[in-house]
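Order of the sequence lines sets the chain letters (A, B, ...), proteins ahead of strands, with each chain counted from 1. Below, each value reflects all heavy atoms present in this structure, side chains not excepted, and no hydrogens, waters or symmetry copies.
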Amino acid sequence: MTATAPTPTPIPLTTIAELRQHHSQLVRLGLASHPTHARRLLAFLARDPAAHLPYAARLLAHHPDPHPALFNPLFAALPPCHAARLLALMLSLPLPPDHFTFPRILPAAPLPLAAQLHALLLKLGFHYHAQSLNALLAAYLANARPDLASRAFRTAAPRGTLDVVSWTTMVGGLCKLGLVDEAREVFDEMPERNLISWNAMISGYVKAGRFLDALDVFDEMRALGVQGNGFIAASAVVACTGAGTLAHGWEVHRWVEQSGIKVDEKLATAVVDMYCKCGCVEEAWRVFEALPVKGLTTWNCMIGGFAVHGRGRDAVRLFGRMEREGVAPDDVTLVNVLTACSHAGMVSEGRHYFNHIVERYGVEPKMEHYGCMVDLYGRAGMLDEAQKVIDNMPMEPDVGVLGALFGACRIHGDVDLGEAIGWRVIELDPQNSGRYVLLANLLASAGRWEDVARVRQLMDERNVSKEAGRSVIEVDGEVCEFQCGSLHHPQAAEVYAMARDMMSRIGAEGYAPDTRDVLHDVAEEEKDAPLLYHSEKLAIAFGLLRTRPGDTIRITKNLRVCRDCHEATKFVSRVFEREIVVRDRNRFHHFKDGKCSCNDYW
DNA sequence: CTAGGGTTAG
């Protein structure tokens, strides 16, 4: 054979002209087919396959001894349609695909091609090759065909072709398609799992919003003595953030620290966010302050954390420090600062930041910022100012912006404006049940029962159902969920008795039911009953039963706090001398001594 | 061939 060493000094190949020149030189020296040179030429051509595929194909077609491996870099770089043509060339030489061919072509293959490759793979016996088979499973799953993937998966099992990657591919792929329960079935049957498998299941549950299930899997992993890594930590922390359960958050954080997992900036930010969203800003602050390096997102999380807890002064102070430390804010920072101002009633500060948003902060105001301003004015009762923001904004207001004004109308009882916007907002977002409920509440508060009925009828016609209220409370590390009006809890009778007792005790101290949000045209005295069954009251009653006197009661709920629960909780905090922290859909309420941190605007 | 994590008005 020819050369043992590449004779021409490898000149850098940067243009196709250089490559042609180099190639011709190699041809003259009889070195063009030398594996090293041929691979180098093909690697260059693979960088722009759309332009150079014919060239590459010629090179391969004239190669005296084309090895399948020469094709693989090209396959990896090709769009699927060209990959198919190159495969055809390969087969025509004739040259069989090798172990890298299918894994290289399949990931980007659209369905018809994937199916053809499936047939070829069977014909050539690659269904005994785990990597090829796994690539096929991934391709079917990427094309949203869990049926085809599952069939290939099941038929491969008796052959013993499956490995841990095959199983993990199924778990992750099914999760991505929203088939998280099916994924769990596969996961439970896995003969062997690695950290990737565990994380696929945990993060799959997180993506599906099934945070407690995610944490169950995480616990199972630890119970088996499996050491985690940064991926698992991230997923578990985010699961706690979603669940809003501080006890879980503490535990996962402690586990991260004990297990020696390296906490990088992103993971640290996730932890800060977790403590904020689990109701413990103080702990978020401790973690935040201890960080040697804070990224923009870290600042944003902390400022946003203060914002949702109604601590506008702290948010603004932190923003000032961020500025002094030379960290340039972005659009999210400004949204968080404006939210902080609006949740704390700091109208003039909010206006100030908004007015200087471009020249001082270098941020182009977007829809979100206008929404914040509408919310800022609207919450403060300056509905005409809010309306002016909408009239003068440079883009068409979206549902969110109008929704902010609508929400303000509800707070301040402006039925006329609220109704006008309410119908419009519902038409813009007809599947959002909360908006119907808000409009119905507004109309009900004005005693307009026939219009309330119209709203309810519209919901029926469109098959939009009112989301059931759910409240989660943790007691002794146990998580209990209460659903509005549901009797499923094992201690239901006791809880209801406690709830009734609780209500009569605060009633004796001056609490009166606020029935404005009750959507039935019934006699006043009959309206009180359904209010008692709101999930939040049941959860608080349960908390009073099961926690020690003086313990903070923490509740996370899926909807906004209703006015009656808000009022009742204020009384409970005073009468039972408890701090009660409620995370609702939008923000946190800290109830203490008969007052709430939201100052009754939420 | 299998996994990723942070912030955003209502």
Whole Å only: how far is the [atom1] atom of [X] from the [atom2] atom of [N]?
X      : N      : atom1 : atom2 : value
A/Y275 : B/dT7  : OH    : P     : 17 Å
A/I261 : B/dA3  : CD1   : P     : 19 Å
A/L267 : B/dA3  : CG    : P     : 20 Å
A/E368 : B/dA9  : CD    : C1'   : 7 Å
A/M393 : B/dA9  : CE    : C1'   : 11 Å
A/F187 : B/dA3  : CZ    : C1'   : 12 Å
A/I202 : B/dT2  : CD1   : C1'   : 15 Å
A/N336 : B/dG10 : CG    : P     : 11 Å

Closest approach to the side chain of [X], judged atom by atom: which nucleotide of [options] is it?
X      : options              : result
A/K266 : B/dG5, B/dT7, B/dG10 : B/dG5
A/R379 : B/dA3, B/dC1, B/dG10 : B/dG10
A/A270 : B/dG10, B/dG6, B/dT8 : B/dG6
A/E265 : B/dA3, B/dG6, B/dG10 : B/dG6
A/M367 : B/dT2, B/dG5, B/dA9  : B/dA9
A/D273 : B/dT7, B/dA9, B/dC1  : B/dT7

Categorize [X] for me: base, sugar-phosphate, or nothing, with a 4.0 angstrom heavy-atom threshold over every strand shown.
X      : answer
A/T298 : base
A/D398 : base
A/A404 : sugar-phosphate
A/R104 : nothing
A/D330 : nothing
A/H99  : nothing
A/G230 : base
A/V401 : base
A/G304 : nothing
A/G403 : sugar-phosphate
A/K277 : sugar-phosphate
A/T339 : sugar-phosphate
A/N229 : base

> Under 3.5 Å, is there a donor-acceptor pair linking the side chains of A/N134 and A/T169?
Replying inline: no

>> Please confirm whether the ring centroid of A/W285 lies under 6.0 Å from the ring centroid of A/Y275.
In response: no

> Hey, do the aromatic rings of A/W198 and A/F231 have their centres closer than 6.0 Å?
Replying inline: no

>> As a test of understanding, state which of A/Y353, A/F306, A/W299 forms a ring pair (Phe, Tyr, Trp, His ring centres under 6.0 Å) with A/F319.
In response: A/Y353

> If you measure from the Lys or Arg side-chain nitrogens to the Asp or Glu carboxylate oxygens, is any gap between A/R254 and A/E257 under 4.0 Å?
Replying inline: no

> According to a strict under-4.0 Å criterion, is A/K262 in side-chain N/O contact with OP1 or OP2 of B/dG5?
Replying inline: no

Taking only distance into account, with no hydrogens and no angle test, what donor-acceptor pairs under 3.5 Å do side-chain atoms of residues 287-297 of chain A form with protein atoms, sequence neighbours excluded?
| unit_1 | atom_1 | unit_2 | atom_2 | d |
| --- | --- | --- | --- | --- |
| A/E289 | OE1 | A/R321 | NH1 | 3.3 |
| A/E289 | OE1 | A/R321 | NH2 | 2.9 |
| A/K294 | NZ | A/L291 | O | 3.1 |

